[in-house]
Amino acid sequence: MGNILNYTKGQGEFKNWIIEESDFDYQHLGKCESIFCQGNGYMGVRAALEEKYVGEKRNMFVAGTFNKFDEAEVTELPNLPDITNVIIYVSGIRFRMDSGVLHAYSRSLNLKTGELIRKVDWESPNGDRLELCFNRFVSVANRHIIGSKVTIKPLSGDMNISIESGIDGQVTNTGSQHFHEGEKRIYDATYMEMISKTIQSGVYAAIHASHAFEIDGKKAKVDLLPVIERRFLSNKLQLTLKKDSVFTMEKISCVHTSRDLKYESISDDIVDSLKNDGLETIRKAYELGYDALFKENKDAWAHFWREHDIKINAINDYDQLAIRFALYHLNIMTKQDDNRVGIGAKGLSGEGYKGHSFWDTEIFILPYFMFTQPKTARTLLEYRFRNLYGARLKARENGFKGAMYPWESAWIDDGEVTPKLGAADVVTGEATPILTGLIEQHISADIAYAVWEYYIATRDQEFMDNYGYEIIIQTAYFWSSRVEWNETLKRYEINDVIGPDEYKEHVNNNAYTNYLAHYNMKLAKEIIEEMPNINPELYKKLDQKLHLSNIKDEIDRVIDGLYLPKPGEDGIIPQHDTYLKLKHIDLTPYKNAEVVGTIYNDYNMEQINEMQVSKQADLVMLLYLLDDLFDKETKKKNYLFYEERTLHDSSLSKSTHCILANDLGYRDSAYEFFRSSCDIDLGQNMKSSDMGIHSAAMGGIWQCVVMGFGGVRIVGDDLYISPRLPKEWSDISFPLVWRGNPMRVTVSQDDVVVENMGKDAVSIFIYDTKTSILAGQKAGAEIKR
Ligand code: BGC
């Protein structure tokens with residue numbers, strides 16, 4: 001079978017907006033279930049097909065509803081009762097595309113409207129031929145609503161059709177059942193209700209669903225048989241359809257949970273509130289019907305795209321589609337108004353990483369929000385503030401001071417939730433211990449780094465006073481207690497860590513970690529030193545809470561002595577103390593492999609630890625984040641050295657390499673890295689996304705375009721825009737918000753124009769020239785090659 005994904009389906013107003021799965025292969029269900037995931041930040045619905053298949057993953061998640069199934073497991077986002085199921089029988093034969101003859105198949109996601117449409121021409125094993133069409137959307141206008149529709153047209157003669165459709169609470173997270181049985185009911189023979197409660201966290205989920213029917217465009221009264229079974233609720237119907245008539249079933253569902261912001265302060269009668277709200281929503285939605293609900297959703301998407309679309313005029317239309325794909329996912333994975341939830345490493349699109357948040361958010365995704373929807377960026381950072389409790393706890397438990405952020409985070413007071421064991425060790429046959437929760441510690445500095453970037457980009461003083469300073473100071477305090485004195489070398493070190501490169505465990509002085517920890521402490525030191533003059537009141541308040549002078553003493557004691565690895569004679573900065581002494585092997589077979597992680601087929605972790613092989617950008621990430629600390633020559637040498645040794649086995653790698661390559665003038669490599677960053681989920685590899693999309697890679701695609709080719713960078717206190725487009729692009733245009741002022745940047749091969757659509761004058765650098773742009777005005781420059 002050739003390529004299944006078709007990127008050119010969209011025409012006219014939908015050109016470069018549609019991704020099509022042009023053939024059906026039941027072995028590749030996971031790919032499109034993930035990349036066609038629909039959602040609105042509140043919830044995510046994986047694109048499982050209506051009928052069931054072996055190997056499917058039928059997932060619906062609501063942000064923040066974490067539960068722990070068993071003491072031996074970590075908390076995870078539970079899979080909610082499924083509403084996407086519709087089982088169809090044609091003259092007694094169950095419709096499934098892997099039996100009979102599939103004469104035509106097309107399933108496509110329209111990124112512009114959020115609608116998923118599947119069209120099927122199917123002949124059953126006993127010769128009945130019919131057309132089926134399935135439509136589905138998850139509303140961004142009313143975030144509780146999911147609309148779906150099934151259309152059936154018999155082609156070969158009259159047919160007996162029977163359908164079962166309902167709410168299926170028998171779903172699990174790969175076997176873990178997070179919910180109690182709960183209550184089930186059908187009201188007025190129309191509105192189904194299932195109320196379930198998670199077994200440990202006590203979160204209630206209320207699912208409602210309704211069905212409406214039409215034949216040849218007219219409302220049809222259909223006899224329904226209500227079915228209530230264990231964890232299951234459905235309607236069964238049977239009817240005879242005439243040849244060429246068109247039957248439609250609309251299934252509208254809605255979801256509410258006790259973790260919805262609205263119920264944050266309600267503790268009594270929560271079930272009644274959920275029932276009432278659910279019933280009210282479903283009744284209204286049922287009256288409106290699919291088309292009207294879809295129109296509201298489509299208008300809301302149109303509103304979003306008007307402001308946030310990025311235009312890329314490229315030789316290959318794929319580039320335009322890919323950035324829209326990234327923008328679509330970035331927005332459906334993020335709950336924009338709720339500081340109790342983070343972004344999962346797979347968004348809300350799959351069970352991978354259990355809905356947990358990593359440094360992916362701050363380093364890969366946050367820049368997108370900070371530069372386009374700063375309010376959402378603030379909410380995401382407030383989530384980290386609310387997680388300080390868990391971070392302090394983790395520091396104390398490990399014998400440190402201040403705040404040591406969990407490597408993986410879930411609900412605000414869950415603390416560290418990294419699982420302890422992972423995949424099989426090929427040598428010992430045992431489950432490999434996962435050490436990241438214990439020793440991958442750079443995340444504390446990453447969060448502090450992101451807070452400061454946000455502050456520079458927004459000047460949101462209120463945020464800093466209430467949350468930001470405290471995050472920076474508490475994390476710096478952690479580092480001051482974390483460093484160890486090396487008496488022989490007379491320096492402070494950070495030993496026994498995992499840096500961003502997870503193929504190296506228990507290393508000493510990972511350069512990335514040391515530099516970021518130093519940066520974190522330096523920020524805190526400056527803040528504590530300056531605050532008494534700038535805001536004595538705040539200083540007093542924070543001093544009472546945190547004992548600032550004590551923290552400053554601790555930082556002063558260590559900061560200048562902290563070892564920051566420098567380039568050796570050959571210009572290479574050691575990624576950690578012994579990296580440069582490790583064995584260097586030929587990595588070509590692994591680099592060229594279709595799937596990631598193939599090195600594990602030949603070596604176990606212990607062996608990989610002893611080789612010069614990196615999973616992902618590590619030192620290269622440092623060169624990008626703290627780019628003003630290193631000169632161009634050092635960057636070049638280290639980029640080339642480490643890229644050769646990097647397998648890009650993490651989705652967090654290629655985008656950073658794209659940006660660095662573009663900065664350093666490796667234009668063709670930059671473009672190739674951009675393309676392969678886009679391919680991580682959108683590409684033709686049908687196994688790349690089974691457990692969900694890669695949310696950091698979505699942020700990475702945006703960063704390639706805006707920070708890479710668009711040349712957007714914060715340096716010190718200033719915004720720099722120094723674009724360099726690949727030769728494959730003639731022009732691009734993207735929105736950018738700087739200190740509250742929305743701007744649009746347009747770049748061609750010849751010039752760059754920045755339009756200030758905000759209320760204030762902005763002062764930015766275009767290349768190296770400081771440029772003031774008054775409100776409503778434009779400024780520009782010629783492209784520097
Ligand atoms: C990467 C980490 C990342 C995590 C979640 C891992 O494979 O090595 O850097 O945070 O995935 O995306």
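Every number for a ligand or one of its atoms is a count from 1 in the order of the listing. Keep in mind that this is a model prediction, so the values were computed, not measured. Values below: all heavy atoms of this structure, side chains included; hydrogens, waters and symmetry mates excluded.
Of the protein's non-hydrogen atoms, the one nearest atom 8 (O) of ligand 1 is Q616 OE1, 2.6 Å. Ranking protein heavy atoms by distance to atom 5 (C) of ligand 1, first place goes to D360 OD2, 3.3 Å. At the shortest separation from atom 11 (O) of ligand 1 among protein heavy atoms lies Y353 OH, 3.0 Å. Annotation: atom 2 (C) of ligand 1 to nearest protein heavy atom, E502 OE2, 3.5 Å.
Contacts between W407 and ligand 1 below 4.0 angstrom, taking non-hydrogen atoms only, involve the side chain exclusively.
Note that the NZ atom of K687 and the NE2 atom of H28 stand 5.5 Å from one another [nearest 0.5 Å].
Counting the atoms of ligand 1 from 1 in the order shown, those under 4.0 Å from a heavy atom of A345 are 5 (C), 12 (O). Heavy-atom contacts of W359 reach the following atoms of ligand 1: 2 (C), 3 (C), 9 (O), 10 (O) (cutoff under 4.0 Å). Listed by number with element, the atoms of ligand 1 under 4.0 Å from a non-hydrogen atom of K615 are 1 (C), 6 (C), 7 (O), 8 (O).
Salt bridge annotation for K57-E33: absent, with no cationic side-chain nitrogen under 4.0 angstrom from a carboxylate oxygen. At a threshold of 4.0 Å, the pair D618-K504 does not count as salt-bridged, since none of the basic side-chain nitrogens sits closer than that to a carboxylate oxygen. Between E382 and R386 there is no salt bridge, since none of the side-chain N atoms of the basic residue sits less than 4.0 Å from a carboxylate O of the acidic one.
A donor and an acceptor atom, one from each side chain of Y624 and Q703, are located under 3.5 Å apart.
Judged by the 6.0 Å distance and 45° axis criteria, R645 is positioned over the aromatic ring of F641.
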